[in-house]
Amino acid sequence: MTIRELDETYVAGTYRRFPVEIVSGKGSVVCDADGKTYIDMGSGIAVTSFGIADEVWQAAVTAQLARVQHTSNLYYTAPCAELAALLCRKTGMKKVFFSNSGAEANECAIKAARKYAAETKGPDSYTVVTLKNSFHGRTLTTLAATGQEKFHSLFQPLTPGFLHVEAGDAAALENALSEHKVAAVLIECIQGEGGVLPLSEEYAAAIARLTKEKDVLLLVDEVQTGNGRTGTLYSYMQYGLTPDIVSTAKGLAGGLPLGATLLGEKVQNVLGPGDHGSTFGGNPVCAAAALSVLSRLDDAFLSEVRRKGGLLAGALRDAPGIESVTGRGLMLGLKTVRPAGEVVTACRENGVLCLTAKDKVRLLPALNIPDDLLLRAADVIKAACAP
Ligand code: PLP
């Protein structure tokens, strides 16, 4: 059997794969089994922050692999402790829980918020308000948090205690917080899977005001927007928000599975021994990878991400067949006249790998993609969009 046949026979059919088998790569160029090369404008859905086989990242990972690949959370390891300290130093948060994915990072955020609310307001203050069109993960609880009905219908009953309000409607949020006993509001500053839709500054300010007034925790999901993707370390930093809990994953370890839930002042001690855990959480190889990624995301690098984002958006904005460009930094969504799926197919045939998000073409290249590749990819995308 070919790899494609083996996969289609034996791998659970949850993914609609593109007809490409990736076998190797370097930086922002990947190579398929037929030897065809592509400019990678998706970076594994915002994961390979420094591209494929980045040498600094690889050295950090292989050095840790040569020492110890796993212990358990019964013992201390340096990468885990140092990564938690670095995350706290860079964000002002106080403690970190490590897991393996974005969904788990959100799961922990929700557990921490519910426990805090139960302890401070009473056990019936468990409701978590999220936004319509959001995406927070695939576990039953994070599906319940996800404000898109299409993900819910086949998996009832989901975890109870979630309410979804229209993004941008401050009055709807105020009503929800007044009428229900709410533990937390959970948001993405830029809805990624929902179509690369940034919240407005005014709405973000209303969220900050209302969560404070109503004494409700603010949770920000930085799974897709985090770790430099939008041109600041975390996207909430551009909105002037002060979250109580931040969840992140994807690009954090640059291509190895790692989720992190950052706990702020109020909730720093809410999780005690036995309240939560994960066998692989804080795995030393993943943590060493993340230390390497995070320590390179300094101000100069982040300003380069913003510049590259501006370069890409500028090259695409107003091109024939492109109606709008949304997003920040290197997280961009294109509303195209042609259906997004057709654009992505045409790009792939012409050597550029892109993504979709709902009806948008979504671009999430590696944060260090060279300008010449970015502009070459932009030319292919423009040609694919032209009506
Ligand atoms: N939250 C957001 C905003 C996401 O974009 C995603 C994945 O796309 C998740 C959570 C879930 O992350 P994971 O697939 O790592 O569980």
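Just so you know, ligand 1 is whichever comes first in the structure, and atom 1 is the first atom listed for that ligand. Residue numbers start at 1 and run along the sequence shown.
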Cation over ring face, R306 and F301, 6.0 Å, 45°: no

Pairs meeting criterion salt bridge (Lys or Arg N to Asp or Glu O under 4.0 Å) with involvement of residues 281-297, two or more places apart: D54-R296

Atom pairs and distances, ligand 1 N/O vs protein N/O under 3.5 Å:
unit_1   : atom_1 : unit_2 : atom_2 : d
ligand 1 : 1 (N)  : F135   : O      : 3.4
ligand 1 : 1 (N)  : D221   : OD1    : 3.4
ligand 1 : 1 (N)  : D221   : OD2    : 2.8
ligand 1 : 5 (O)  : Q224   : NE2    : 2.8
ligand 1 : 8 (O)  : E193   : OE2    : 3.3
ligand 1 : 8 (O)  : K250   : NZ     : 3.4
ligand 1 : 15 (O) : G102   : N      : 2.8
ligand 1 : 16 (O) : G102   : N      : 3.4
ligand 1 : 16 (O) : A103   : N      : 2.8

Please check if the number of heavy atoms outside E265 that lie under 6.0 Å from its CD is greater than 12. no

Please determine if R114 forms a cation-pi arrangement with F162, meaning its NZ or CZ atom is less than 6.0 Å from the six-membered ring centre and no more than 45° off the ring axis. yes

Could you pull out all residues at least two apart from K335 that satisfy salt bridge (charged side-chain N to carboxylate O under 4.0 Å, His left out)? D359

Acceptor/donor pairs from residues 371-387 side chains to any protein atom, 3.5 angstrom cut, sequence neighbours excluded:
unit_1 : atom_1 : unit_2 : atom_2 : d
D371   : OD1    : R307   : NH2    : 3.2
D371   : OD1    : K308   : NZ     : 3.0
D371   : OD2    : R307   : NH1    : 3.0
D371   : OD2    : R307   : NH2    : 3.1
K382   : NZ     : A315   : O      : 3.2

